[in-house]
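Since the structure comes first, as structure tokens, the remarks are kept for the end.
Fair warning: this is a prediction, and the values are worked out from it, not measured in the lab. We're numbering straight along the sequence, starting at 1.
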Amino acid sequence: MTSPTALLTLLLCLPEPQGTIGLSGPTLASGFLDPSALAGPKGAHSAGGASRALSSGGSELDSAGTWDNPSFLPAYINGLLDPAMYGVWQARGYGWVADIRREGARVYDHGPAGTIEQDFDLDDLLSGGHFRRLGDLLQLSGTPGSSTIYTWDPLPELPEGFASPPASDPVSVFDYFWQVMGDHYGYFEERSVDWDERRALHRSRVHETTDDEELWEILCDMLRGFGDDHMSLNATFGGKERSFDEGYCRELDPQLEAGFADQSQVPTYREFRARWYRHYRTHILEDLLGGEYQVGASDQVLWGRVDSLGYINVRGMGGFSESEDLMEEVAGVHELMSKVLTDLADCEGLILDITLNTGGYDEVQMAIASHFVDRPRVGFRKLPLDTPNAKPQDFLLYPATGTRYLGPVSLVTSDYTVSAGEDFTLGMRELPHVTHRGAATRGAFSDILSKKLPNGWVLNLSNEAYLDVEGNNWETFGVPPEDPIDVFTRDDLEYAHRDAILEVAEVMREEIEAAAADSSGTR
């Protein structure tokens, strides 16, 4: 899933692993910019369980028109920034201030903790990005139609304090870290973390003489127990790169660790996990598909048949092009999905398996979803939680112009399904011919917001809500399936996934037979 900071880098500088309604012209062939346009002038389903319900009150901006009027424009004109973007701007949420001028731009993290300039290459400002003006507002987006729209309010000048960055001594770094996390992180309550209490517990450990190693351990202790896949701390000191994160599956990871502990033949957990994955894949290729299968997208996608049903396994929302260009990724999705669905066109139903999907780009997952879409539909909504009164942005799914499949589909997820794989799940659940089966997803939707600390370390955190069309926010909880089926179990770690897919296939065949009987009037 593209992080907001990475996408801002794309917009405001382009070198770094989610649109809007009714853009005019040929740009929205399938929910993203149609590559052919560049050449010319992630029904609602209700489910039990915990969620945070947020308002999904449409896509209007309070007093600045709607999301679809007017359309976005390229940020550059003949290699120069469009003058309509010049000025000082403060983002709604995310803690960014940008000073955009003819010669380039300077982008800052700015808030109560202080101001730190971002490390953006000013010569690449907004390369490849798009913008539009709505009254006094500026909006930026990478790929209109499938990328996040960032809204900016004008400022008369840079606020005070921009010439004096925060001090970088250990106490100042701790205070900046605590303040920035408190200002922007969106899920203290859901993660059962009292951030003020943590400050009271750990700040007394920090002194002017605290060295980097000690400070690192203190900040890591502040983050322990969140279990947020999109939160991490990264640093370089003492000649070593350091990284702390706690991304963890509720089911599969503990089961693998327990399985490793219960045996003695494989000497390391890494080897044990690799062997388990080889078995997972072998059971798909041989037991489910009978050795008749195809692969594509650098082995990210494999497909074949489980008897009369088609089977598609997608491991990630990326890798569909050798280029790092996102538009080529999207074009690669269309090429491959048209081939896959043409191969499986005569199947009476499809099993779409994303149980080991590690996420990636929303532009990619929306492109995949477009090959199952019957008509334009809202797939999911999104808003920043670190700005008051934010209105959700609708992400629409549009039918692909290539091959589509509108027969019965079972989407199978697990708690390993994460990030853009979860956004994909939200969108696919809105399609009337798709049934969500398996286990609840991971619960890590928010894009990653990166914040540089005064000493150069980087804190990554979650500040956004991805909502289903009913306004439910499944962050931390995961999207619960309509038809729960155990996918990974410790009692049968090697064969559980295979057996889950066979169960899905059996249920689908029964449903298809029942539907055929009903349509013919027989019992």
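- Counting only N and O atoms by type, the side chains of N234 and W457 include no donor and acceptor under 3.5 Å apart.
- In terms of modelled atom types and a separation under 3.5 Å, the side chain of Q118 and the main chain of R106 share no donor-acceptor contact.
- Using a 3.5 Å distance cut-off with no hydrogens or angles, the side chains of N455 and S168 do not pair a donor with an acceptor.
- E246 places a side-chain N or O within donor-acceptor distance of the main-chain N or O of F226, the cut-off being under 3.5 Å.
- The pair K382-D394 does not count as a salt bridge, with every side-chain nitrogen at least 4.0 angstrom from each carboxylate oxygen.
- Between the side chain of T151 and the backbone N or O of R92 there is no donor-acceptor pair closer than 3.5 Å.
- Between Y185 and W195, the gap from one ring centroid to the other reaches at least 6.0 Å.
- The backbone N or O of D415 sits less than 3.5 Å from a side-chain atom of R442, completing a donor-acceptor pair.
- Looking at S462 and D228, their side chains do bring a donor and an acceptor atom within 3.5 Å of each other.
- The pair R224-E217 counts as a salt bridge, with a side-chain nitrogen and a carboxylate oxygen less than 4.0 angstrom apart.
- Looking only at atom types and distance, the side chain of Y466 has a donor-acceptor partner in the side chain of D447 under 3.5 Å away.
- Side-chain rings of W276 and Y280 approach one another, their centers coming within less than 6.0 Å.
- Between W96 and W89, a ring centre-to-centre spacing not shorter than 6.0 Å is recorded.
- Judged by distance alone, the side chains of H436 and T413 do bring a donor and an acceptor atom under 3.5 Å apart.
- Of the N and O atoms on the side chains of R273 and Y277, not one donor lies less than 3.5 Å from an acceptor on the other residue.
- A donor and an acceptor atom, one from each side chain of D386 and H184, are located under 3.5 Å apart.
- A donor-acceptor pair shorter than 3.5 Å can be found between the side chains of S147 and E363.
- Of the possible polar contacts, none joining the R198 side chain to the H202 backbone as a donor-acceptor pair under 3.5 Å is found.
- Checking side-chain atoms of Q263 against main-chain N and O of F260 turns up a donor-acceptor pair under 3.5 Å.
- Counted by atom type alone, D175 and S172 present zero donor-acceptor pairs between their side chains at under 3.5 Å.
- With 3.5 Å as the limit, one finds no donor-acceptor pair spanning the side chains of E329 and S321.
- For the residue pair A113 and P166, the shortest heavy atom distance occurs at O-CG, 4.1 Å.
- In summary, the aromatic rings of Y150 and Y94 are positioned with their centroids under 6.0 Å apart.
- In the model, T268 has a side-chain atom that pairs as donor or acceptor with a side-chain atom of E271 under 3.5 Å.
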